[in-house]
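One structure is given below, encoded as structure tokens.
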There are 2 protein chains.
Amino acid sequence: MTDRDDAVPALAEAFREHGFEGASLAQLSAATGLGKGSLYNFFPGGKDEMAAAVLANVDAWFTGNVFAPLRNATPGDADAIDAMFDAVVYYFRSGRRVCLQGAFALGRERDKFAATISGYFGEWIESLAAALRGAGVRDSEARASAAEAVAAIQGGIILSRALDEPEVFTQTVVRQRARLLSHFTG
Amino acid sequence: MTDRDDAVPALAEAFREHGFEGASLAQLSAATGLGKGSLYNFFPGGKDEMAAAVLANVDAWFTGNVFAPLRNATPGDADAIDAMFDAVVYYFRSGRRVCLQGAFALGRERDKFAATISGYFGEWIESLAAALRGAGVRDSEARASAAEAVAAIQGGIILSRALDEPEVFTQTVVRQRARLLSHFTG
DNA sequence: GTCTATACAGTGATAGAC
DNA sequence: GTCTATCACTGTATAGAC
């Protein structure tokens with residue numbers, strides 16, 4: 001654990017609150033408690049490298065807490081699906097916390113971090129589809145169903161923030177959880 | 001029709017491509033073909049007023065092409081639902097075009113345009129729920145089902161852009177359309 | 001490694017000539 | 001009404017003292 005890694009969570013929160021363009025170096029400096037000089041010492045590439053480090057950190061969290069458990073689930077066992085939704089509710093703070101990859105996908109940042117963003121969502125859908133296939137769902141339906149769940153989560157974040165009603169996100173998760181688990185009861 | 005209204009569509013595209021913070025006055029000037037002086041003549045409030053005019057313009061389009069048809073649908077008739085999805089696919093260019101209200105909901109712009117954004121999604125959900133109630137769906141389920149559809153559309157835009165696969169959005173619409181129409185076949 | 005000082009391009013916005 | 005010129009300011013990034 002270097003000091004560089006210690007700064008990443010603070011950077012993440014700053015990017016989530018202000019967006020990539022909206023997060024100025026002054027704010028990033030204040031959020032981390034590091035002077036601009038120190039920030040450029042850890043991230044010579046500037047804001048781009050800071051954002052890349054943040055995205056990689058988020059990806060690592062999801063790999064460990066979501067993607068890998070879905071991949072390693074025993075076929076036909078719904079627990080990994082349940083755990084995924086629990087992790088999602090926790091990570092996105094019931095919809096109050098923005099998904100950086102999702103927010104970046106809507107803006108100019110998409111071009112700059114295209115591979116990372118694509119990889120994040122692609123792996124989420126693929127690992128979830130793998131768990132669904134374990135319940136006997138055929139491949140094309142598993143992928144479509146997985147994409148639908150991931151899209152619903154992303155849309156749930158937007159809606160709950162737009163309406164300022166966290167229950168919208170919670171409800172979205174409840175419904176998607178039930179929908180996916182119904183594959184396992186048959 | 002004033003020259004002000006003529007500039008709004010060009011401003012909308014600029015905001016969609018670059019985001020609110022990312023769209024500089026130089027770009028807005030280039031997109032509209034108007035000098036900064038002219039822009040400030042039409043929009044004395046600057047960027048904020050331009051964005052507000054764009055959001056109002058989008059809202060008006062949806063009111064005329066989506067919300068009102070849903071409200072005026074004859075109870076039990078699914079045509080308005082079908083028309084909504086057609087309009088959505090057209091408006092969002094099969095997921096290639098960003099939803100400004102959705103993008104703003106994820107950033108700092110949310111605070112500045114809170115009422116407009118909330119009103120847009122609130123009316124979308126309410127008008128869609130009204131059409132579903134016309135098919136005999138009880139109120140709480142109608143609202144939840146409507147919110148799920150709107151969230152899926154927003155998430156579909158994110159996913160299709162993130163993966164650079166318009167088919168993801170198209171598939172989302174296909175599935176949601178089928179899900180909502182199933183209320184009418186009973 | 002950390003900070004302060006600074007370079008310099010670009011920002012939103014305004015003034016004023018035409 | 002339209003543009004150009006300009007304003008004050010903030011942006012990212014760097015240099016250099018400590």
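Protein chains get the first letters and strands the later ones, always in sequence-line order, with residue 1 at the start of each. For the numbers below, each heavy atom of this structure counts, side chains included, while hydrogens, waters and symmetry mates do not.
- Between A:F62 and A:F92, the angle of the ring planes lies from 30° to 60°, which puts this pair in the tilted group.
- In summary, A:E126 and A:R71 do not engage in a salt bridge, as defined by a charged side-chain N under 4.0 Å from a carboxylate O.
- Rounded to whole Å, atom C1' of D:dA13 lies 14 Å from atom CD of A:E49.
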Atom pairs, N/O to N/O, protein against nucleotides 9-12 of chain D, distance under 3.5 Å?
from	atom 1	to	atom 2	distance (Å)
D:dT12	OP1	A:A23	O	3.4
D:dT12	OP1	A:K47	NZ	3.0
D:dT12	OP2	A:L25	N	2.6

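- Taking CD1 of B:I81 as the start and CZ of B:F184 as the end, the distance is 4.5 Å to the nearest 0.5 Å.
- Between A:E141 and A:R138 no salt bridge is recorded (no basic side-chain N to carboxylate O distance below 4.0 Å).
- Ionic pairing of A:R96 and A:D164 is not present here: no N-O contact between side-chain nitrogen and carboxylate oxygen is shorter than 4.0 angstrom.
- Protein chain B contacts DNA chain C over a range whose 5' and 3' limits, counting nucleotides with an atom under 4.0 angstrom from a non-hydrogen atom, are C:dT11 to C:dT14.
- Rounding to the nearest 0.5 Å places CD of B:E148 at 5.5 Å from CD of A:Q176.
- B:E21 and B:R108 are not joined by a salt bridge, as no carboxylate oxygen comes within less than 4.0 angstrom of a charged side-chain nitrogen.
- Note: B:Y120 and B:W124 have perpendicular aromatic rings, judged against thresholds of 30 and 60 degrees for the angle between ring planes.
- The residue A:G37 sits close to a base: some heavy atom pair falls under 4.0 Å.
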